[in-house]
Amino acid sequence: MTIAQKRPAGATLDNSFVSRLKKQLPNLIPPATAIAIFLIIWQLFAFIPGATLPGPIQVVQDTWILIFWPFYDNGGIDKGLFWQILASLKRVAISYTLAAIVGIGLGVLIGVNQTMSKALDPIFQLLRTVPPLAWVPISLAALRQNEPAALFVIFITAIWPILINTAVGVTQIPQDYNNVAKVLQLSRKEYFTNILIPSALPYIFTGLRIAIGLAWLAIIAAEIVMSGIVGIGFFIWNAYQNNNVSEVILALVYIGVVGLVLDKLMGWIQNKILPAEQK
């Protein structure tokens with residue numbers, strides 16, 4: 001009589017992890033190779049006599065404390081990179097949320113109302129081309145404090161792709177959907193929730209995804225100019241003022257990684273919410 005042996009749960013988990021890793025290897029090898037080549041080229045350029053930028057080896061040697069102890073807090077603005085990035089992310093979260101609410105609301109308004117669209121479009125087209133740094137002196141003059149001024153700069157930078165994409169999504173609703181709404185005599189609330197928002201959702205998410213990247217760029221620019229506040233932007237400016245180029249490079253790496261994570265997170269949310277036929 002054969003007795004079946006029970007396999008340990010840990011072995012099953014290990015096999016599952018290994019199988020998933022093998023499936024991901026074809027996707028991981030190309031970017032890992034590209035990064036390795038980039039680092040080698042960068043290091044070779046750093047060996048050239050007269051090179052002013054440190055190579056990756058020198059950057060790690062100069063900033064190993066910041067890399068391995070990102071949670072230190074000595075008070076004031078003397079904080080580890082974790083707290084610097086967290087402070088910036090909090091500002092982005094507040095202003096981005098407000099930009100999403102206002103941008104979607106105004107986008108729907110000008111999308112369904114041609115008169116409002118014609119009246120406001122020139123103003124929106126004018127304001128959306130203003131760079132984030134140009135808003136800094138205006139926000140400081142109006143609000144008189146660094147924190148609300150930084151929040152305003154993020155807000156005014158992030159709102160335009162959300163607003164414009166939402167308006168385009170509303171105007172692109174198929175006429176057949178509108179005809180069906182008239183035949184069924186849907187109320188405004190039913191039309192809004194069952195036709196308008198679902199149809200415009202892909203455009204809205206496109207705007208939200210673009211806006212999260214712009215918001216992250218805007219906070220860096222705002223914090224560089226607004227001295228004395230905790231944030232990754234001011235950390236970069238302070239490191240540059242103290243001639244700590246390696247710290248500037250390390251902060252740029254962190255900024256890129258966080259920006260990539262934010263974009264992937266928004267893409268993941270988009271895939272979870274949008275129906276399969278709208279992806």
Side-chain angles (χ1 to χ4, degrees), residues 52-53 66 76-79 81-104 106-107 120-166 206-263 265-266:
T52 55
L53 289 178
L66 291 172
I77 60 173
D78 187 10
K79 301 178 185 294
L81 284 175
F82 173 82
W83 304 111
Q84 303 284 355
I85 291 176
L86 183 62
S88 296
L89 284 174
K90 286 180 179 178
R91 297 185 184 104
V92 168
I94 294 171
S95 296
Y96 179 75
T97 302
L98 291 174
I101 294 172
V102 176
I104 293 173
L106 284 176
L120 297 177
D121 184 69
I123 299 175
F124 292 158
Q125 296 300 329
L126 175 68
L127 294 179
R128 76 181 184 88
T129 59
V130 178
L133 277 176
W135 288 107
V136 173
I138 297 175
S139 60
L140 284 173
L143 301 173
R144 301 290 181 179
Q145 293 181 356
N146 286 345
E147 191 69 25
L151 295 177
F152 174 78
V153 171
I154 307 167
F155 170 84
I156 201 67
T157 304
I159 191 173
W160 305 120
I162 301 173
L163 189 157
I164 293 172
N165 278 275
T166 301
T206 299
L208 290 172
R209 194 165 182 179
I210 296 172
I212 192 66
L214 292 178
W216 186 236
L217 294 177
I219 189 59
I220 303 304
E223 289 176 350
I224 286 177
V225 177
M226 300 172 183
S227 61
I229 60 176
V230 177
I232 192 65
F234 179 68
F235 175 87
I236 290 175
W237 182 246
N238 189 51
Y240 170 75
Q241 294 285 72
N242 294 312
N243 200 30
N244 295 324
V245 181
S246 294
E247 292 186 3
V248 174
I249 294 174
L250 178 64
L252 291 178
V253 172
Y254 274 78
I255 290 170
V257 170
V258 172
L260 177 63
V261 171
L262 290 176
D263 180 73
L265 177 62
M266 187 57 62

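Here the structure is a predicted model, which is why all the values come from computation and not from measurement. All heavy atoms count here, side chains included; hydrogens, waters and symmetry mates do not. By convention here, the first residue in the shown sequence is residue 1.
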Legend entry - Aromatic ring proximity, centroids under 6.0 angstrom, W237 and Y240: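 Yes, ring centres under 6.0 Å apart.
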
Side chain to side chain, [X] and [Y], heavy atoms closer than 4.5 Å:
X	Y	answer
L89	W216	yes
I212	V92	yes
V248	N244	no
N146	L140	yes

Return the minimal non-hydrogen interatomic distance between [X] and [Y], and the atom names on each side.
X	Y	answer
Y96	M266	OH-CE, 3.3 Å
A150	I219	CB-CD1, 4.3 Å
I85	Y254	CD1-CD2, 3.4 Å
G233	E223	N-OE1, 2.8 Å
T166	I104	CG2-O, 3.7 Å
P132	V153	O-CG1, 3.8 Å

Donor-acceptor under 3.5 Å ([X] side chain, [Y] main chain):
X	Y	answer
S88	I232	yes
N165	P161	yes
S95	L151	yes

Legend entry - W83 atom CH2: more than 12 heavy-atom contacts under 6.0 Å: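 Counting other residues, nucleotides and ligands, CH2 of W83 stays at 12 neighbours or fewer.
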
Inset, instruction - Inspect the surroundings of CG in N242 and state if more than 12 heavy atoms from other residues, nucleotides or ligands are less than 6.0 Å away. - result: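 Counting neighbours around CG of N242, more than 12 heavy atoms of other residues, nucleotides or ligands fall under 6.0 Å, so yes.
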
Reported [atom1]-to-[atom2] distance for the pair [X] and [Y], which is rounded to 0.5 angstrom:
X	Y	atom1	atom2	value
I164	L106	CD1	CG	11.5 Å
L133	L217	CG	CG	11.0 Å
R91	L86	CZ	CG	10.0 Å
L81	Q84	CG	CD	6.5 Å
R209	L214	CZ	CG	13.5 Å
I255	I220	CD1	CD1	4.0 Å

Inset, instruction - Anything under 30° is parallel, anything over 60° is perpendicular, the rest tilted; go ahead and classify F124 against W160. - result: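 Ring orientation, 0 to 90° scale: tilted.
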
Legend entry - Full working for side chain to side chain contact (heavy atoms under 4.5 Å, CB included) between V102 and I159: CA-CA 7 Å; V102 176; I159 191 173; 3.6 Å; yes

